[in-house]
Amino acid sequence: MVEFTFVSGDVALDLAGTVMHRRSPARQDVLTAPADLTAWIAAAGLLTTAPDAGAADLAAAVRLREAIYRSALNAAHGEPPAPADADVINRAAAAPPPAPALTTGADGPGVRREGDIAGALAAAARAAVELLGGPDARHIKECQSGDCTRLYLDLSRRQSRRWCDMSGCGNRAKAAAFRARHK
């Protein structure tokens, strides 16, 4: 079972982050099978219980993921999305999103999200539209830790965040700097 990380600050960037170390021989794609997509959608909270994804769903998710990644990387460098990538994102965003439902139970009220895989991808695409077309696009950064290529939102007060995740990349970078200082 693949463990997913959600440290980017936005579900669209977390989808883009399902490929790690993009420019390295250690590149790792955690969405390699339809079951991985089903599990990621549920882990991301896009659907409460995701239906089984198929090969076409996985292909659509990968197309969307790559368009989001390229567009967000462009935004991190102050550039607009490529028209072809914007088209992929817009087409995915046009599908009906999951329907939220208020639930009641012993633990109190909650939210249940129901829908299909296309709806879950529409929710991620809509998040990308809002992010890339809104004021937070200027806060997108790429992790500065070695070969990590994860994109994240830096909403810190001073805009000084350097790593996608302090417990992973940040910790490794600080430990390496400590070792270098004490040699």
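Across all their heavy atoms, Leu13 and Ala72 have their closest contact at CD2-CB, 3.6 Å. Counting all heavy atoms, side chain and backbone alike, Gly115 lies closest to Leu47 at N-CD2, 3.5 Å. The two atoms that bring Gly119 and Pro98 nearest to each other are O-CD, 3.0 Å, heavy atoms only. Nearest approach of Pro34 to Leu58, heavy atoms of both residues: N-CD2, 3.8 Å. For the residue pair Asp36 and Phe4, the shortest heavy atom distance occurs at O-CZ, 3.6 Å. What you find for Leu64 and Ala92 is that their closest heavy atoms are CD1-CB, 4.0 Å.
For the side-chain contact (heavy atoms from CB on, under 4.5 Å) test, residues two or more places apart in sequence or in another chain that qualify with Ala76 are Ile140. Arg91 is linked by a side chain to side chain donor-acceptor pair (under 3.5 Å) to Asp87, counting only residues two or more places apart in sequence or in another chain. A search for salt bridge (charged side-chain N to carboxylate O under 4.0 Å, His left out) contacts involving Asp10 returns nothing, not counting sequence neighbours. For Asp57, there are no side chain to side chain donor-acceptor pair (under 3.5 Å) partners at least two apart in sequence or on another chain. Checked against side-chain contact (heavy atoms from CB on, under 4.5 Å), Ala95 has the following partners two or more places apart in sequence or in another chain: Ala122. Contacts of Arg112 classified as salt bridge (charged side-chain N to carboxylate O under 4.0 Å, His left out), with partners at least two apart in sequence or in another chain: Glu114. For Thr103, the side chain to side chain donor-acceptor pair (under 3.5 Å) criterion is met by no residue, not counting sequence neighbours. Listed by chain and residue number, Glu66 satisfy the salt bridge (charged side-chain N to carboxylate O under 4.0 Å, His left out) test with Arg22 (two or more places apart in sequence, or in another chain). Applying the side-chain contact (heavy atoms from CB on, under 4.5 Å) rule to Pro100 yields the partners Val111; only residues at least two apart in sequence or on another chain are considered. In this structure Thr18 satisfies the side chain to side chain donor-acceptor pair (under 3.5 Å) test together with Arg65, sequence neighbours excluded.
A donor-acceptor pair shorter than 3.5 Å cannot be found between the side chains of Asp52 and Thr38. In summary, the side chains of Ser8 and Arg150 do present a donor paired with an acceptor at a separation below 3.5 Å, with no hydrogens or angles considered.
Annotation: side chain of Leu73 is in contact with side chain of Leu151 (closest heavy-atom distance under 4.5 Å). Side-chain contact between Ser71 and Ile89 is present, with heavy atoms from C-beta onward closer than 4.5 Å. Between Arg27 and Val19 there is a side-chain heavy-atom pair separated by less than 4.5 Å. A heavy-atom distance below 4.5 Å is found between the side chains of Leu31 and Trp40. Side-chain contact between Tyr152 and Val7 is absent, with no heavy atoms from C-beta onward closer than 4.5 Å.
Cluster membership check: Val129 does not share its hydrophobic cluster with Val88, using side-chain heavy-atom separations under 4.5 Å among Ile, Leu, Val, Met, Phe, Trp and Tyr. Under a hydrophobic clustering in which Ile, Leu, Val, Met, Phe, Trp and Tyr are joined whenever their side-chain heavy atoms come within less than 4.5 Å, directly or via other members, Leu15 and Leu46 fall into the same cluster.
Within the structure, every pair that satisfies the side chain to side chain donor-acceptor pair (under 3.5 Å) test and touches residues 72-86, not counting sequence neighbours, is listed here: Arg70-Asp85. The side chain to side chain donor-acceptor pair (under 3.5 Å) contacts involving residues 129-138 comprise nothing, where partners must be two or more places apart or lie in separate chains.
The backbone N or O of Ala93 lies less than 3.5 Å from a partner atom in the side chain of Arg126, making a donor-acceptor pair.
With rounding to the nearest 0.5 Å, the separation of CG in Leu37 from OG1 in Thr32 is 11.0 Å.
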